[in-house]
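Beneath this line is the structure, given in structure tokens, with notes to follow.
Note that this is a predicted model, so its numbers are computed, not measured. We're numbering straight along the sequence, starting at 1.
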Amino acid sequence: MENIENMENRGNKMIKNNKSRIVLNLFFLFLFALFVLTLIVFAKENTKIEVFNKYLESGDYTKAQEIVNQIDSKFDALLAQMILYAYKDKDLQNAKKVLKILKDEFVNKVKNENQKNLNFSKILYNWGYILYNVKKDIYQSEIAFNESLKYNPENIDSIVFLAKISYDKNDLDNAEELLNRAYSLALSKNYSDMVQLVSIYTDVLIENKRYSKAKNILENYYSKDNRLLLKYAKVLTYLDELVQANDIIKQYLEKDNNNLESYYILGLTYKRSYIKIPEALDFINSINPDKNDRYYIKLAQFYEGVGDIDMAINNYDKALSLNKQNKKYYILAITYAIDVGKTNRAVNWAYELYNKYPDDFYSSYLLALCYEGVKNFDKAKEFYYKAIDIDSSKYEPYIRLSRIFLEEETDFDNSAKMLIKGYYNVGDVYYKNRFKKALKDLLDLEKEFKKKYKEKTGLDISKPIKEETLNEINKIISES
């Protein structure tokens with residue numbers, strides 16, 4: 001999915017409570033991507049590695065190769081070369097040749113047992129990274145990371161990636177446990193990427209609603225990184241410590257006045273002190289001298305946080321009157337209007353977006369959301385299907401269509417078929433596991449519904465899951 005500044009940092013405000021939760025997931029996955037990218041070869045040892053990582057991320061493999069050729073350490077250069085080959089040659093044949101050289105020279109020929117184990121652990125970590133990111137094989141990569149820990153139980157990089165895999169599997173408790181282990185080890189090792197680790201760890205804690213624990217950790221680091229400062233303000237609002245949250249979020253905004261989520265958080269700190277809003281507006285105006293379209297989007301986010309629906313809608317209107325070409329603004333405005341029940345306004349904006357960008361995924365998807373909200377299921381299905389035709393790799397339309405089949409017709413078979421279609425079309429492992437869970441839940445729901453319907457009417461349900469569909473579900477559920 002397009003990041004769109006993490007959908008303009010809406011955070012967790014899209015599908016959860018009728019707003020798409022995918023943004024929060026993407027935000028979390030984005031942080032993981034940043035983290036593992038800096039660990040592809042080893043922690044930030046020098047500028048060469050940092051530059052190599054940037055070229056690798058951008059797909060400029062020629063420049064990345066030039067950097068590899070400049071790395072002094074043969075071991076680290078070979079690790080970088082292995083990963084570069086993996087990205088360039090998807091069959092991994094050249095990467096496997098480098099892997100063999102690494103094992104021969106830095107494992108088999110090393111006499112010091114401790115150094116041999118450390119080297120092998122690092123090699124296995126990097127191979128696991130390749131399996132996950134290039135081959136998209138979550139299960140083989142998990143094996144590699146676990147093997148890495150057999151040779152060095154304190155390999156923080158491998159532990160963090162295993163937490164990432166647990167997150168992919170929707171096992172947040174295990175992800176939290178692993179990150180707690182990584183964090184404890186990092187404290188004892190003067191770990192160089194502590195800020196990134198803290199950011200990831202506290203994201204999981206926040207999603208698990210462990211706000212106090214997140215706060216305790218962030219208290220030691222929020223002054224070291226602006227992202228942690230923002231996260232700290234967010235946690236304080238969750239804990240209802242609004243006075244301190246207000247002070248922290250203002251500190252953040254004085255450093256970065258362009259992050260939209262920060263204005264929403266600022267608004268939250270005024271939710272119970274509406275009388276002080278003029279003071280907040282003075283502050284916002286002081287850091288935003290230009291009263292342009294972006295300024296009104298910031299105000300809309302602020303009023304979202306405050307809970308003033310009319311002012312939020314009005315400021316979205318002002319922003320869109322100044323800039324009707326910005327898809328991000330439409331997405332923010334439409335999802336908010338849907339969430340607060342302003343369906344007519346949402347539909348008007350959605351059609352404006354659709355008329356401008358008829359072949360854009362979000363144009364169709366947001367129109368479908370609007371129609372679903374007013375129970376016009378035929379139109380909702382029409383635009384969800386159109387969204388899938390535009391981009392079949394997105395998770396949300398399949399889930400929404402599955403729900404419509406249940407709500408409109410109690411059609412368990414077509415509901416299941418839509419989830420199956422989504423499972424095979426969506427490549428992201430995290431969402432595959434969510435489809436798998438949804439299929440399990442659907443089987444349980446059908447079983448319970450059949451029982452109650454039979455007790456009430458003496459009849460069987462009209463649209464149960466068919467045998468061939470059930471066989472496909474069981475096949476998916478049994479996949480490791």
Just by modelled atom types, is the [Y] backbone N or O under 3.5 Å from a matching donor or acceptor in the [X] side chain?
X      : Y      : answer
Thr202 : Ser199 : yes
Arg210 : Asn208 : yes
Thr469 : Ile465 : no
Asn433 : Val429 : yes
Asp89  : Asp91  : no
Asn315 : Met311 : yes
Asn355 : Tyr351 : yes
Ser58  : Lys54  : yes
Tyr357 : Gln325 : yes
Asp256 : Asn258 : yes

Taking atom [atom1] of [X] and atom [atom2] of [Y], what is their separation to the nearest 0.5 Å?
X      : Y      : atom1 : atom2 : value
Ile138 : Ile143 : CD1   : CD1   : 11.5 Å
Phe412 : Leu406 : CZ    : CG    : 5.5 Å
Gln301 : Leu266 : CD    : CG    : 11.5 Å
Asp293 : Asn323 : CG    : CG    : 4.5 Å
Leu439 : Leu419 : CG    : CG    : 5.0 Å
Asp171 : Ser166 : CG    : OG    : 5.0 Å

Using a 6.0 Å cut-off, check whether atom [atom1] of [X] has over 12 heavy atoms from anything other than its own residue.
X      : atom1 : value
Lys342 : NZ    : no
Lys276 : NZ    : no
Glu177 : CD    : no
Asp389 : CG    : yes
Lys88  : NZ    : yes
Lys271 : NZ    : no
Lys466 : NZ    : no

For a quick check under 3.5 Å, do [X] and [Y] share a side-chain donor-acceptor pair by atom type?
X      : Y      : value
Asn288 : Lys298 : yes
Asn425 : Ser392 : no
Glu254 : Gln251 : no
Thr269 : Asn246 : yes
Tyr424 : Glu472 : yes
Asp310 : Tyr303 : no
Gln244 : Tyr232 : yes
Asn471 : Glu467 : no
Asp391 : Ser393 : yes
Tyr295 : Asn285 : yes
Tyr252 : Asn259 : yes
Tyr132 : Lys164 : yes

NZ/NE/NH1/NH2 to OD/OE distance under 4.0 Å, [X] and [Y]:
X      : Y      : result
Glu409 : Lys381 : yes
Lys234 : Asp203 : no
Lys215 : Glu241 : yes
Lys379 : Glu382 : yes
Asp411 : Lys417 : no
Arg227 : Asp225 : yes
Lys440 : Asp444 : no

Considering all heavy atoms, the nearest Cys370-Ala350 contact: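 In this case the closest contact between Cys370 and Ala350 is SG-CB, 4.0 Å.
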Can you give me the closest heavy-atom contact between Ser364 and Pro358, atom names plus distance?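 In this case the closest contact between Ser364 and Pro358 is OG-O, 4.3 Å.
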Any salt bridge (Lys or Arg N to Asp or Glu O under 4.0 Å) involving residues 343-355? Give me the pairs, sequence neighbours left out, ordered by first then second residue.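 Only Asp317-Arg345, Lys324-Glu352 qualify under salt bridge (Lys or Arg N to Asp or Glu O under 4.0 Å).
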Give me the ring orientation class for [X] and [Y]: parallel if the planes are under 30° apart, tilted from 30 to 60°, perpendicular past 60°.
X      : Y      : result
Tyr395 : Tyr431 : tilted
Phe161 : Tyr129 : perpendicular
Tyr365 : Tyr362 : perpendicular
Tyr183 : Tyr201 : tilted

List the steps and the verdict of ring pair (Phe, Tyr, Trp, His ring centres under 6.0 Å) for Tyr125 and Phe145. CA-CA 5 Å; Tyr125 162 76; Phe145 294 129; 5.7 Å; yes
Less than 6.0 angstrom separating the ring centers of [X] and [Y], yes or no?
X      : Y      : answer
Tyr263 : Phe302 : no
Tyr167 : Tyr430 : yes
Tyr55  : Tyr61  : no
Tyr354 : Phe383 : yes

Stepwise salt bridge (charged side-chain N to carboxylate O under 4.0 Å, His left out) check, Lys250 with Glu279: CA-CA 12 Å; Lys250 284 179 177 176; Glu279 165 199 305; 3.3 Å; yes
Lys209 charged N/C atom sitting above Tyr238 aromatic ring, 6.0 Å / 45°: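 No cation-pi geometry.
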Cation-pi geometry met for Lys436 and Tyr423 (6.0 Å, 45°):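 Pair Lys436/Tyr423 does not count as cation-pi.
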Can you check salt bridge (charged side-chain N to carboxylate O under 4.0 Å, His left out) on Lys450 and Asp460, steps first, answer last? CA-CA 7 Å; Lys450 279 180 175 178; Asp460 294 326; over 6 Å; no
Test salt bridge (charged side-chain N to carboxylate O under 4.0 Å, His left out) applied to Glu479 and Lys432, step by step: CA-CA 11 Å; Glu479 288 182 0; Lys432 280 188 176 294; over 6 Å; no
